[in-house]
Visitor: 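Have a look at this one.
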Amino acid sequence: GNNSNPLRRISNYDSHHVDAGLAYTNPVLGDFTLTLGRNRVTYPDRAGLAGLSGYRIDELKATASRDIGAVLTADLTVTFSDLDPEGAGGGGFRGVTWSAGLTAVPTTRLRLTVNASRSLNPSLGAEALYSRDTTYSFTGEYALSPRTSLFVGAARNDRRFANASAIRTVLLTDDRLDQFNGGARFQVSRRLKMSL
């Protein structure tokens, strides 16, 4: 992740991720995966800043997806995360992050989806070790015809920045982003779809 603003380059980061796992699919029970992964994040422009120069995170992740009748589909991910910062600055994390989603198709023309999640992510926009993000979203799509549909959506993302500091920029400990959207999709042909 890279910033074009010179003052923000202190938050540029490199991330290297590796994981492996198993998947199981059953037409009655649903789809399941279990993965073990490691991600190493470094901030190359923070050399010498104790507790802010990078971290290693190990994650054990279990996911499940299942159809509930003919109308609902549920998705759930539970992750045990162990985040260990470089240096003695503290600010590590050991606990559970998660995501959950529910999709409903009450009629052949209408699809509704709600999602919620909590995750750990590198901090590109603030001088911090990482951010703890909590996200909620909703989308709805209605088919006016076989080729045309309308959609609306809303999302909220709350971020809390761990080990936040103000070395080059102002102190940013948390932020919230609210988004609302709406539009239309049109299937021009079998190979081309347009959206606005």
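Heads up: numbering here begins at 1 and tracks the sequence.
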Visitor: Judged by atom type as modelled, is there a donor-acceptor pair below 3.5 Å linking the side chain of Arg118 to the main-chain atoms of Arg132?
Guide: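 Not at all, since once roles are kept as given, no pair shorter than 3.5 Å links the two residues.
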Visitor: Quick one: side chains of residues 98-108, donor-acceptor pairs under 3.5 Å with protein atoms, not counting sequence neighbours, listed by atom name and distance.
Guide:
from   : atom 1 : to     : atom 2 : distance (Å)
Thr103 : OG1    : Thr113 : OG1    : 3.4
Thr107 : OG1    : Arg109 : N      : 3.3
Thr107 : OG1    : Leu110 : N      : 3.2

Visitor: What pairs with Arg156 under salt bridge (charged side-chain N to carboxylate O under 4.0 Å, His left out), at least two apart in sequence or on another chain?
Guide: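 Listed in chain order: Asp178.
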Visitor: Under 3.5 Å, side-chain donor or acceptor atoms of residues 137-144 against the rest of the protein: list the pairs with distances, not counting sequence neighbours.
Guide:
from   : atom 1 : to     : atom 2 : distance (Å)
Glu141 : OE1    : Arg185 : NH1    : 3.0
Glu141 : OE2    : Ser149 : OG     : 2.7
Glu141 : OE2    : Arg185 : NH1    : 3.1

Visitor: Please identify each residue that fulfils ring pair (Phe, Tyr, Trp, His ring centres under 6.0 Å) with Tyr130, with sequence neighbours left out.
Guide: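 Here the qualifying residues are Tyr55.
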Visitor: Donor-acceptor check, side chain of Arg66 to backbone of Leu29, threshold 3.5 angstrom: yes or no?
Guide: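 Checking the backbone N and O of Leu29 against the side chain of Arg66, a donor-acceptor pair under 3.5 Å is found.
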Visitor: If only atom types and distance count, is the side chain of Glu59 paired as donor or acceptor with the main-chain N or O of Lys61 below 3.5 Å?
Guide: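 Absent.
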Visitor: Residues in side chain to side chain contact (heavy atoms under 4.5 Å, CB included) with Asn121, at least two apart?
Guide: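 Per chain and number, Asn121 pairs via side chain to side chain contact (heavy atoms under 4.5 Å, CB included) with Ser119, Ser131, Asp133.
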Visitor: I'd like to check the side chain to side chain contact (heavy atoms under 4.5 Å, CB included) partners of Leu196; sequence neighbours left out, ordered by chain and number.
Guide: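 So Leu196 forms no side chain to side chain contact (heavy atoms under 4.5 Å, CB included) with any residue.
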Visitor: Has Asp67 got a side-chain atom pairing as donor or acceptor with Gly69's backbone, closer than 3.5 angstrom?
Guide: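 Judged by distance alone, no pair lies under 3.5 Å.
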Visitor: Tell me, which pairs form a salt bridge (Lys or Arg N to Asp or Glu O under 4.0 Å) where one or both residues lie in residues 142-154, sequence neighbours left out?
Guide: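 Applying salt bridge (Lys or Arg N to Asp or Glu O under 4.0 Å) to every pair that reaches into residues 142-154, excluding sequence neighbours, yields nothing.
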Visitor: Sequence neighbours excluded, which residues qualify as salt bridge (charged side-chain N to carboxylate O under 4.0 Å, His left out) partners of Arg94?
Guide: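 Per chain and number, Arg94 pairs via salt bridge (charged side-chain N to carboxylate O under 4.0 Å, His left out) with Asp82.
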Visitor: Go through the structure and list residues passing side chain to side chain contact (heavy atoms under 4.5 Å, CB included) with Ser53, not counting sequence neighbours.
Guide: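 For Ser53, the residues satisfying side chain to side chain contact (heavy atoms under 4.5 Å, CB included) (neighbours in sequence not counted) are Glu86.
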Visitor: Can you tell me which residue pairs pass the ring-ring contact (aromatic ring centres under 6.0 Å, His included) test with a partner in residues 159-194, sequence neighbours excluded?
Guide: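 Counting only pairs at least two positions apart or across chains, no ring-ring contact (aromatic ring centres under 6.0 Å, His included) contact touches residues 159-194.
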Visitor: If the condition is side chain to side chain contact (heavy atoms under 4.5 Å, CB included), which residues does Ser11 pass it with, not counting sequence neighbours?
Guide: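 For Ser11, the residues satisfying side chain to side chain contact (heavy atoms under 4.5 Å, CB included) (neighbours in sequence not counted) are Asn3, Arg46, Glu127.
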Visitor: What salt bridge (Lys or Arg N to Asp or Glu O under 4.0 Å) pairs are there with at least one residue in residues 24-39, not counting sequence neighbours?
Guide: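 Residue pairs passing salt bridge (Lys or Arg N to Asp or Glu O under 4.0 Å), neighbours aside: Arg38-Asp58.
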Visitor: Less than 4.0 angstrom from a charged side-chain N to a carboxylate O is my criterion; do Arg9 and Asp45 meet it?
Guide: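 Asp45 and Arg9: not salt-bridged.
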